[in-house]
Each structure stands twice: as structure tokens, then as C-alpha cells.
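Predicted model only: the values in this text are computed from it and were never measured.
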Amino acid sequence: MSLSSGEPVGEIVTGEAVVLGLRAASFASRLLAALLDAVIVAVVLVAAVFGASSLLSDSTEATVTAIGLALSVLCLVGIPTAVETATRGRSVGKLVLGVRAVRDDGGPVRFRHALVRHVVGFFELWALAGSPAIVCSLVNSRGKRIGDLLAGTYVVRERTAARHVPLPPMPPELAGWARTADIGRLPLTTTTAARQFLARTASLNPASRAALRVELADALLPFVSPAPPRGTDPERFLVAVLVERRDRELTRLERREARTRDLERSIGRG
């Protein structure tokens with residue numbers, strides 16, 4: 001395998017090197033989802049403020065103002081953050097429009113991502129009537145608003161997600177090498193392109209397949225040590241690296257879950 005310059009451009013890949021094939025949501029779908037969410041939030045906020053005002057009719061103006069501010073933060077930031085975290089990037093509006101917020105690497109958003117999106121959204125969507133969000137979304141290739149840029153997220157068309165294609169099995173002749181190899185942090189675009197290539201090998205022109213497998217293997221080779229045995233087929237090298245990477249991450253996940261269960265049991269016994 002000879003090292004070639006240039007790195008293939010892929011799409012989105014998870015930590016397990018599974019291509020998601022997610023496409024950025026259109027401006028219209030994002031806007032409609034945001035408007036629907038805004039209507040729901042506004043209704044909840046008005047109802048909460050009206051109910052609080054009725055219960056606090058004898059309170060001082062300062063108390064009413066403080067509670068009103070707290071309710072505003074809860075309805076505009078707290079509840080949307082909790083919903084988006086619990087549903088992994090969805091909201092009522094996003095669910096209706098078939099879109100979802102994801103991390104830049106295609107993974108599900110977590111609490112910190114949702115919190116940043118909605119804290120910034122409090123200003124760009126509500127305080128400034130959404131004008132910064134609209135401008136930023138129109139000029140960004142993925143339609144990101146400011147909150148997305150700071151959180152490292154964007155909105156995708158969930159209903160058009162491509163079906164996952166499993167990786168081929170580990171090449172037997174490379175299993176021993178792969179288990180002991182040091183596989184570093186692989187480039188996202190190259191890993192994605194390799195995963196897509198392996199999913200489409202049967203449909204590729206033989207000449208294109210031969211050229212692509214060499215190019216992709218050359219791009220991944222600097223991140224793997226030691227190099228595979230001399231004479232290794234580039235395509236089987238790609239399979240071995242991606243399968244080993246996936247298996248290692250699954251093992252780490254299983255160990256983390258086991259530690260969590262042990263901790264929960266120890267707390268329960270205490």
C-alpha cells in the first residue's frame with residue numbers, strides 16, 4: 001500500500017464506525033418545527049404565568065416579578081432542555097416534522113449540548129425574535145443556528161436516515177494482528193468513506209473499487225501501528241481496522257455498564 005495524498009470526504013459516522021447517512025434538515029422543516037415548538041412553549045408559559053398570578057395575587061410586585069422570571073427561564077430553557085435530552089434531540093415540533101438534533105459526529109445530543117442550544121436560543125430565538133438564527137442558518141452549509149455552532153450540533157432529516165449495513169466479518173488472517181495493533185484516533189471523514197466503501201463494494205466498478213481501497217487504506221495506515229503484515233490486501237485491512245475498532249468500543253461500553261450496575265448495587269446495599 002502506497003501512501004497517497006488527499007483524504008476522501010465522507011458523511012456522518014458514529015463512534016462504532018456505523019454510517020448514519022443523515023442529511024441536514026431543510027430550512028423550511030427546521031423553521032416549521034421551531035414555530036410549532038414556540039407556540040407550545042408560549043401556551044405553557046402563558047398558562048403558568050396566569051396560574052401563578054392567580055395564586056400570588058396578594059404577593060408583592062417584586063415576588064411576582066421574580067416568579068415570572070423563573071417561570072420564563074423554566075419554560076424557555078429548562079423544559080426544552082430536559083425534553084431534548086430525554087428524547088435524544090427531539091421535541092414536539094421536530095417529531096412532527098421528522099427531524100432531530102444530533103451532534104456533529106452523528107451521535108445523540110446529551111444534556112450539555114441541549115443546554116447550550118437552548119440557553120443561546122433564549123437570546124437568538126426569543127429575545128431577538130429569531131433573526132440571528134435565521135441569518136446564521138441560511139449562510140451555514142448545515143443550516144446551523146448560533147446555538148448549534150456553539151453546541152456542536154445540527155438538525156437532520158431523521159426519516160431519511162439510511163439503513164445501517166453491517167461490517168463484513170474480521171479477516172481470519174488479520175485477527176491476531178488487529179487484537180494487538182494500536183489503533184489511534186481515526187480521521188472521521190476517512191473512516192466514514194471506508195465504511196461506505198465496504199457497504200458498496202459489490203456495486204462498484206472493479207477499477208474504481210481497486211483504486212478506492214488503496215486510497216482509503218493509505219489514509220488509515222498512519223493511524224495504525226504496527227502496520228499489517230506485508231502483502232495484506234488493502235480492502236481486508238480496512239475491514240480489520242473497522243471491525244477491531246467497533247469491537248473495542250463495544251467492550252468499553254459493556255465494561256462501563258457493568259461498573260454502573262455494580263455501583264448501583266453497592267449504593268442499594270448501603
Please walk me through it: do R265 and D262 pass salt bridge (Lys or Arg N to Asp or Glu O under 4.0 Å)? CA-CA 5 Å; R265 284 195 294 266; D262 291 342; 2.2 Å; yes
Side chain to side chain donor-acceptor pair (under 3.5 Å) with T153: which residues, sequence neighbours excluded? R117, D148
Could you give the distance from CG (D247) to CG (L242), rounded to the nearest 0.5 Å? 11.0 Å
To the nearest 0.5 Å, what is the distance between CG (L216) and OG1 (T192)? 10.5 Å
Heavy-atom pair of closest approach, residues P80 and C75: CD-O, 3.2 Å
Are Y154 and V116 linked, directly or through intermediate hydrophobic residues, by side-chain heavy-atom contacts shorter than 4.5 Å (ILVMFWY only)? no
Taking only residues two or more places apart in sequence or in another chain, which ones pass side chain to side chain donor-acceptor pair (under 3.5 Å) with T85? none
Please round to the nearest 0.5 Å and tell me the distance separating atom CG of L263 and atom CZ of R261. 12.0 Å
Where is the tightest heavy-atom contact between P187 and L220, given as atom of each residue plus distance? CD-CD2, 4.2 Å
Qualifying side chain to side chain donor-acceptor pair (under 3.5 Å) pairs with a residue from residues 118-135, counting only residues at least two apart or across chains: E84-H118, E124-R145
Is a side-chain donor or acceptor of R255 paired with a backbone partner of R252 at a separation under 3.5 angstrom? no
Is there side-chain contact between S29 and V155, with heavy atoms separated by less than 4.5 Å? no
Close side-chain approach of L149 to V120, heavy-atom, < 4.5 Å: no
Looking at D104 and K144, is there a salt bridge between them, counting it only when a charged N and a carboxylate O are closer than 4.0 Å? yes
If you count every heavy atom of other residues, nucleotides or ligands that lies below 6.0 Å from R112 atom CZ, does the total exceed 12? no
Non-neighbouring partners of R179 that pass side chain to side chain donor-acceptor pair (under 3.5 Å), sequence neighbours left out: none
Apart from L128 itself, residues in the same hydrophobic cluster as defined by side-chain heavy atoms under 4.5 Å: none
Is any side-chain heavy atom of V102 closer than 4.5 Å to one of R100? yes
Just do the side-chain contact (heavy atoms from CB on, under 4.5 Å) check on L186 and V241 with the steps written out, would you? CA-CA 10 Å; L186 305 179; V241 170; 3.8 Å; yes
By salt bridge (charged side-chain N to carboxylate O under 4.0 Å, His left out), E235 pairs with (sequence neighbours left out) R209, R213
Around atom CZ of R248, are there more than 12 heavy atoms of other residues, nucleotides or ligands at under 6.0 Å? yes
Any sub-3.5 Å donor-acceptor pair from T232's side-chain atoms to P228's backbone N or O? no
Indicate if L204 and L167 have the same hydrophobic cluster label, given that clusters are the connected sets of ILVMFWY residues with side-chain heavy-atom separations under 4.5 angstrom. yes
Would you name the heavy atoms of L125 and A133 that are closest together and state the gap between them? CD2-CB, 3.6 Å
Are F123 and L76 linked, directly or through other ILVMFWY residues, by side chains that come within less than 4.5 angstrom of each other? yes
Residue pair V224 / A181: nearest heavy atoms and the distance that separates them: CG1-CB, 4.3 Å
Gap between atom CG of L36 and atom CD1 of I40 - 0.5 Å precision: 4.5 Å
Could you measure the distance from the OG atom of S266 to the CZ atom of R259? Nearest 0.5 Å is fine. 13.0 Å
Exercise answer: donor-acceptor pairs, residues 171-178 side-chain atoms, under 3.5 Å, sequence neighbours excluded:
residue: E173; atom: OE1; partner: R236; partner atom: NH2; Å: 3.1
residue: E173; atom: OE2; partner: R236; partner atom: NE; Å: 2.5
residue: E173; atom: OE2; partner: R236; partner atom: NH2; Å: 3.3
residue: W177; atom: NE1; partner: P226; partner atom: O; Å: 3.0
residue: W177; atom: NE1; partner: A227; partner atom: O; Å: 3.3

Grouping I, L, V, M, F, W and Y whenever their side-chain heavy atoms are under 4.5 Å apart, do V92 and L97 come out in a common cluster? yes
What are the two closest heavy atoms between S91 and D37, and how far apart are they? OG-OD2, 2.6 Å
Looking only at heavy atoms, what is the nearest atom pair of V239 and P169, with distance? CG1-O, 3.3 Å
Euclidean distance, E249 CD relative to E254 CD, rounded to 0.5 Å: 12.0 Å
What's in the same ILVMFWY side-chain cluster as V139, cut-off under 4.5 Å, chained through other members? none
What pairs of donor and acceptor atoms, side-chain ones from residues 43-52 against any protein atom, are under 3.5 angstrom apart with sequence neighbours left out?
none

Apart from F27 itself, its cluster of hydrophobic side chains linked below 4.5 Å comprises L31, L35, I134, L138
F223 versus T190: any side-chain heavy-atom pair under 4.5 Å? no
When clusters are formed from ILVMFWY side-chain contacts under 4.5 Å, directly or step by step, what else is grouped with V109? none
If the condition is side chain to side chain donor-acceptor pair (under 3.5 Å), which residues does T63 pass it with, not counting sequence neighbours? T60
Under 4.5 Å between any side-chain heavy atoms of R30 and V99, yes or no? no
